[in-house]
Amino acid sequence: MRILALHSDFIKYEVTKKTKVAEEIDESLKKNEMDECLTVFTSVEKEDMADMDALIAEASKAVRDIARQLNVDSIFIYPYVHLTSSPSTPEFAKEFFPLFEQELAKDHTVKRSPFGYYKSFNISCKGHPLSELSREIHVTPKKEDEEVVSEALVSEERITSSWHVLDVDGSLVDVGDFDFTGHENLKTFVDYEISGSRAAEQEPPHVEIMRKMELVDYEPGSDSGNLRWYPKGTLIKRLLEQHITNVVHSYGAMEVETPIMYDFEHPKLSRYLHRFPARQYTVLSGDKRFFLRFAACFGQYLIKHDMTVSYKHLPLRLYELTHYSFRREQGGELSGLRRLRAFTMPDMHTLVADMDGAKSEFFEQFKLCIRWMEDLGTNFETGIRFVRSFYEENREFVASLVRELGRPVLVEMWDERPFYFVMKFEFNFVDALKKASALSTVQIDIENTERFDLTYINEAGERVNPLMLHTSVSGAIDRNVFALLEQAYMDGQKGTKPMLPLWLSPTQVRLLPINEELVPFCNDLVAQLGDFRVDVDDRSESLGKKIRAAEKEWVPYIVVIGEKERESGLLSVRIRSTGEKADMSVEQMRETLRAQTAGVPYRPLPLPDHLSKRPKFRG
RNA sequence: GCCCCGAUGGCUCAGCAUGGUAGAGCGUCCGCUUGGUAAGCGGGAGGCCGCGGGUUCAAAUCCCGCUCGGGGCUCCA
């Protein structure tokens with residue numbers, strides 16, 4: 001940004017002609033003047049668009065400094081594009097000037113000439129040594145540090161909230177008064193949320209597991225928080241992705257795919273961005289700047305903006321599995337699969353006509369999320385958050401959610417609305433280090449359909465803004481894997497053998513031939529168990545070692561194949577989940593597997609089915 | 001962004017306080033072993049001790065800077 005500040009006896013202007021980009025103004029502003037003032041000619045530049053909040057802070061600081069130096073109170077802001085050769089978009093500047101005026105008006109008398117008009121003007125400059133000053137203001141990420149905090153953060157700090165527990169019988173009590181006996185995990189979640197007590201100074205257990213098991217690993221060749229997935233990890237991830245997509249699809253969402261990067265200068269997006277901390281990756285393409293999406297919101301908003309939607313189409317659901325969403329989290333915030341800079345997020349946005357529609361849809365999606373968590377099989381605790389006024393009007397609705405869930409939940413009640421939503425819930429997984437991480441979530445958004453101009457035609461034929469739900473039924477897929485591994489670890493600590501659900505186990509059945517002559521027989525068995533992931537440890541190792549290797553890989557069914565098996569056709573199976581050994585026929589084996597994998601996706605083995613053919617991905 | 005910690009064969013780590021020929025286990029390769037429910041035996045190969053500078057006759061080791069990684073704080077739309 002460039003400014004030219006003139007200490008003036010007076011400035012007068014008069015609008016002569018309107019341009020295409022003109023802001024709407026009152027008749028009274030078409031002609032105005034100010035005496036004894038600092039006239040500030042201002043042009044907003046392209047680079048300023050990186051951060052509106054920082055720009056306002058820096059610019060007003062500069063102007064205040066000059067005003068103090070000259071000891072003037074009155075400030076006249078004059079939008080004047082001609083100071084620069086690389087102006088920002090008119091939309092950005094148009095948004096900037098009123099905010100700039102507002103900021104300076106806190107401690108000065110301020111007037112402003114309108115943006116987007118040709119004007120004639122008269123100015124008298126005092127002509128003393130300090131009367132003509134110019135400044136260049138640069139908004140750089142470095143300067144943002146302490147002073148410039150985005151609107152969203154500021155408002156979050158201002159908002160006070162109170163914490164309660166809502167029980168199944170509908171009673172709402174202060175957290176302090178609730179008896180957590182029998183709800184220890186909820187207590188852990190509550191402590192984490194409220195006090196934020198973060199003791200552990202260790203690496204989360206899932207990190208060692210994900211590396212040792214050759215699922216996922218850090219990638220030193222990329223930015224931190226961008227991981228590499230080995231074949232077994234990729235299998236697990238793909239299965240979860242496929243499953244969540246099936247679930248959401250059969251719920252009635254329409255799947256779409258949208259770009260991963262968006263134009264900083266797109267007027268609607270830039271305005272949205274300025275509501276949030278600058279945590280996005282930026283990408284340069286020629287001299288255009290783009291940001292990598294941090295959710296699927298943008299693409300879906302832009303599609304919905306262009307759609308013609310009737311009330312008959314509601315609720316209308318779009319879904320995308322974002323491969324990837326990007327958030328440039330601060331270095332120290334990153335943690336294994338729990339917190340990443342590039343992550344995979346199933347994201348659904350539902351348009352509904354009104355608050356009644358929003359509530360019934362919210363309820364259905366709440367049930368869908370419960371089912372997901374039950375399938376995943378990890379622990380979870382519920383947080384429900386809303387604005388106080390929303391609760392006052394919807395007590396019964398909120399209570400019905402808790403009844404549906406069948407156990408008490410943590411409630412956070414805000415005095416005023418901190419973000420764009422009036423209500424949300426999340427299901428939080430509590431990990432081995434007693435930290436909580438959100439998985440499923442649904443939010444009722446009352447702001448963005450207007451902001452992004454999403455509309456539908458109601459029964460009266462009018463074009464109106466719907467309400468919108470933001471939903472992730474599963475939460476980030478990476479984080480689901482995190483939860484599965486942490487849960488397995490915790491199970492292991494309690495004495496049960498750690499394992500993944502059968503449908504996600506990279507190897508479901510491992511055959512251990514007692515000598516190499518039995519390998520062909522094992523190959524026949526692999527073929528007979530065709531629709532499952534069965535492999536053969538054909539290496540020339542001792543049986544003990546093969547068993548140990550299979551156990552370390554958490555293989556759910558380990559089958560030793562010797563002469564006895566070849567003759568009888570009965571398999572000697574070591575069942576990980578129960579620790580028992582059982583003899584079963586191939587057909588029984590098949591049935592056992594089939595019963596446990598009904599309704600979930602299948603993918604073939606991600607590696608060669610003979611262990612002797614398998615490379616090591618690490619160590 | 002701030003504060004702590006770390007970096008040595010493919011992996012996990014020892015060695016570093018007191019400078020003097022670089023070590024182990026696992027894995028890998030080659031032999032032997034053909035076994036019945038969690039580690040059979042022997043041998044070989046494999047190292048710019050993260051990068052750059054300094055101190056020293058001599059640096060994996062001491063000092064400074066950097067890079068990368070992890071954890072904590074803050075943060076988590």
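Order of the sequence lines sets the chain letters (A, B, ...), proteins ahead of strands, with each chain counted from 1.
Within the 4.0 angstrom heavy-atom criterion, base atoms lie near A:G562. Using a 4.0 Å heavy-atom criterion, one finds that A:K564 contacts the bases of the nucleic acid, with or without backbone contacts as well. Within 4.0 Å of A:L334, counting heavy atoms only, lie sugar-phosphate atoms of the nucleic acid but no base atom. Among the heavy atoms of the strands lying under 4.0 Å from A:E565 is at least one base atom, whether or not backbone atoms are also near. Within the 4.0 angstrom heavy-atom criterion, base atoms lie near A:E563. A:E516 comes within 4.0 angstrom of a nucleotide base, judged by non-hydrogen atoms across all strands.
A salt bridge does not link A:R539 with A:E516: none of the charged nitrogens is closer than 4.0 Å to a carboxylate oxygen. The pair A:R293-A:E320 meets the salt-bridge criterion, with a side-chain N (NZ, NE, NH1 or NH2) lying under 4.0 Å from an Asp/Glu carboxylate O. Ion pairing between A:R339 and A:E329 holds under the 4.0 Å rule for side-chain N and carboxylate O. A salt bridge does not link A:E486 to A:R338: none of the charged nitrogens lies less than 4.0 Å from a carboxylate oxygen. A salt bridge links A:D535 to A:R614: one of the charged nitrogens lies within less than 4.0 Å of a carboxylate oxygen.
Summarising the base pairing, B:C68 is matched to B:G6 through a Watson-Crick or G-U wobble pair whose two defining distances lie under 3.5 Å. Pair assignment for B:U61: none, as no Watson-Crick or G-U wobble contacts are both less than 3.5 Å. B:G31 is paired with B:C41 under the criterion used here, namely a Watson-Crick or G-U wobble arrangement in which both key atom distances are under 3.5 Å. Under the Watson-Crick or G-U wobble criterion, with both distances below 3.5 Å, B:C76 is left unpaired in every strand shown. Taking a pair to require two hydrogen-bonding distances under 3.5 Å in either a Watson-Crick or a G-U wobble arrangement, B:A24 pairs with B:U12. Base pairing of B:U18: no nucleotide in any strand meets the Watson-Crick or G-U wobble criterion (both distances under 3.5 Å).
With B:A77, B:G70, B:U34 as the candidates, the nucleotide lying closest to the side chain of A:Q443 is B:A77. Comparing B:U37, B:C76, B:A38 by their nearest atom to the side chain of A:K497 picks out B:A38. Checking B:G69, B:C76, B:G36 against every side-chain atom of A:R327, the shortest atom distance belongs to B:C76. Checking B:U33, B:G70, B:U12 against the side-chain heavy atoms of A:R618 singles out B:U12 as nearest. Checked against B:C76, B:A38, B:U12, the side chain of A:I547 finds its nearest nucleotide in B:A38. Of the candidates B:U33, B:G70, B:G71, the closest approach to any side-chain atom of A:P204 belongs to B:G71.
When the C1' atom is used for both B:U67 and B:A24, the distance is 29 Å, rounded to whole Å. Taking the P atom of each, B:A17 and B:C11 are spaced 26 Å apart, rounded to whole Å. Across the P atoms, B:A77 and B:A14 are found 39 Å apart, a figure rounded to whole Å. Nucleotides B:C4 and B:C51 have their P atoms positioned 24 Å apart, rounded to a whole Å. A gap of 29 Å separates the C1' atoms of B:C64 and B:G23, to the nearest Å. When the P atom is compared between B:G70 and B:G52, the two are found 23 Å apart, to the nearest whole Å. On the P atoms, B:C49 is 31 Å away from B:G42, given to the nearest whole Å. Nucleotides B:G36 and B:A22, compared at atom C1', are 43 Å apart to the nearest Å.
A cation-pi contact, defined as under 6.0 Å to the ring centre and within 45° of the axis, links A:R289 to A:F264. Taking the ring centre of A:W229 as origin, the terminal cationic atom of A:K237 falls inside the region bounded by 6.0 Å and 45° from the ring axis.
Comparing A:R539 and A:F617 by the nucleotide of RNA chain B whose heavy atom lies nearest to each, the residue mapping closer to the 5' end is A:F617. Each of A:R338 and A:P513 lies near RNA chain B, and the nucleotide nearest A:P513 is the one positioned closer to the 5' end.
Every residue meeting the ring pair (Phe, Tyr, Trp, His ring centres under 6.0 Å) condition with A:Y262, not counting sequence neighbours, appears here in chain and number order: A:F298.
For the OP1/OP2 pair of B:A38 and a distance below 4.0 Å, the side-chain nitrogens and oxygens of A:R574 include at least one atom meeting the criterion. Side-chain N/O atoms of A:S335 include one lying less than 4.0 angstrom from OP1 or OP2 on B:G71.
In terms of heavy-atom proximity, A:S505 sits nearest to A:P556 at OG-CG, 3.5 Å.
Judged by distance alone, with hydrogens and angles left aside, A:S540 brings a side-chain donor or acceptor within reach of the base of B:U33, the pair sitting under 3.5 Å. In the interface, the side chain of A:S572 is paired with the base of B:U37 through a donor and an acceptor atom under 3.5 Å apart.
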For nucleotides 24-27 of chain B, print each protein N/O atom paired with a nucleotide N/O atom at under 3.5 Å, atom names and distance only.
| residue | atom | partner | partner atom | Å |
| --- | --- | --- | --- | --- |
| B:G27 | OP1 | A:K545 | NZ | 3.0 |

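Whole-Å rounding puts the A:R339 CZ to B:G71 P distance at 12 Å.
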Margin query: Please evaluate residues A:E553 and A:R510 with respect to the criterion salt bridge (Lys or Arg N to Asp or Glu O under 4.0 Å), reporting the C-alpha separation (whole Å), side-chain torsions for both, the decisive distance (0.1 Å), and the verdict.
Written below: CA-CA 10 Å; A:E553 272 192 73; A:R510 173 155 306 161; 3.2 Å; yes

